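To start, the structure itself, in structure tokens.
Computed from a prediction, not measured in an experiment: that's the story for all the values here.
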Amino acid sequence: RCVQETGTWGQQMEYRYLGNTGLQVSLLGFGHMIAQDTPEFQSTFDEMVKRCLDGGVNYFDTAEAYSDGIMETVLGLSLIHISEPTRQAEISYAVFCLKKKK
């Protein structure tokens with residue numbers, strides 16, 4: 001188990017290893033299954049994802065079945081809109097590793 005202090009919330013987030021991948025994922029995750037393909041929804045969702053990342057969350061739950069795949073697109077766009085390169089690289093790596101192992 002690894003603990004990292006977050007600056008924004010002033011609390012600590014716990015991380016656990018994801019199987020034998022070597023990746024550490026936050027104990028708390030964020031999932032949302034209802035999406036709209038509108039600029040207003042995207043802007044609101046960007047803010048939700050930013051708050052999660054600022055709090056140390058790096059585990060996001062989504063699936064193609066959520067809103068017929070729109071949710072995956074919305075989450076991907078949020079990560080592009082608000083993530084600094086290091087966060088984006090970690091998340092991209094996690095997605096690549098998990099899909100490759102299936």
Side-chain angles (χ1 to χ4, degrees):
R1 154 172 119 164
C2 175
V3 178
Q4 174 182 339
E5 188 167 333
T6 60
T8 302
W9 294 354
Q11 299 176 354
Q12 294 182 340
M13 174 62 71
E14 288 188 31
Y15 296 86
R16 303 287 164 93
Y17 285 100
L18 183 63
N20 61 1
T21 64
L23 298 173
Q24 292 184 12
V25 295
S26 53
L27 188 61
L28 297 175
F30 177 77
H32 195 291
M33 64 182 282
I34 300 172
Q36 300 170 1
D37 192 12
T38 66
E40 296 81 15
F41 182 84
Q42 184 68 58
S43 177
T44 299
F45 199 77
D46 288 355
E47 183 57 33
M48 287 190 282
V49 171
K50 182 179 184 327
R51 293 187 84 174
C52 287
L53 291 170
D54 288 346
V57 172
N58 69 355
Y59 173 72
F60 294 88
D61 176 32
T62 186
E64 189 176 349
Y66 297 172
S67 300
D68 293 324
I70 295 172
M71 195 66 246
E72 290 180 321
T73 301
V74 169
L75 177 60
L77 288 172
S78 290
L79 293 171
I80 290 168
H81 293 161
I82 61 159
S83 294
E84 65 264 12
T86 53
R87 283 187 181 165
Q88 194 170 352
E90 288 178 14
I91 293 166
S92 297
Y93 177 72
V95 170
F96 175 76
C97 285
L98 295 175
K99 290 194 178 236
K100 188 175 180 181
K101 290 191 179 275
K102 285 186 179 179

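Hydrophobic clustering (side-chain heavy atoms under 4.5 Å, transitive across Ile, Leu, Val, Met, Phe, Trp, Tyr) groups L18 together with Y59. Taking hydrophobic clusters as Ile, Leu, Val, Met, Phe, Trp and Tyr residues chained together by side-chain heavy-atom distances below 4.5 Å, V49 shares a cluster with F41.
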Criterion side-chain contact (heavy atoms from CB on, under 4.5 Å) on D54 and R51, from CA distance to verdict: CA-CA 5 Å; D54 288 346; R51 293 187 84 174; 5.6 Å; no
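The nearest pair of heavy atoms linking G56 to S26 is O-CB, 3.6 Å. Minimum interatomic distance between V74 and Q36 (heavy atoms only, all atoms of both residues): CG2-O, 4.3 Å.
With hydrogens and angles disregarded, no donor-acceptor distance shorter than 3.5 Å links the side chain of D37 to the backbone of I70. T44 contributes a side-chain N or O that, together with a main-chain N or O of E40, makes up a donor-acceptor pair within less than 3.5 Å.
For S78, the side-chain hydrogen bond (donor to acceptor under 3.5 Å, both in side chains) partners at least two apart in sequence or on another chain are Q42, D46.
Between atom CE of residue M13 and atom CG of residue N58 there is a gap of 8.0 Å, rounded to the nearest 0.5 Å. Between atom CE of residue M48 and atom CG of residue L75 there is a gap of 10.5 Å, rounded to the nearest 0.5 Å.
Ring geometry, F30 versus F45: the interplanar angle falls from 30° to 60°, so the pair is classed tilted.
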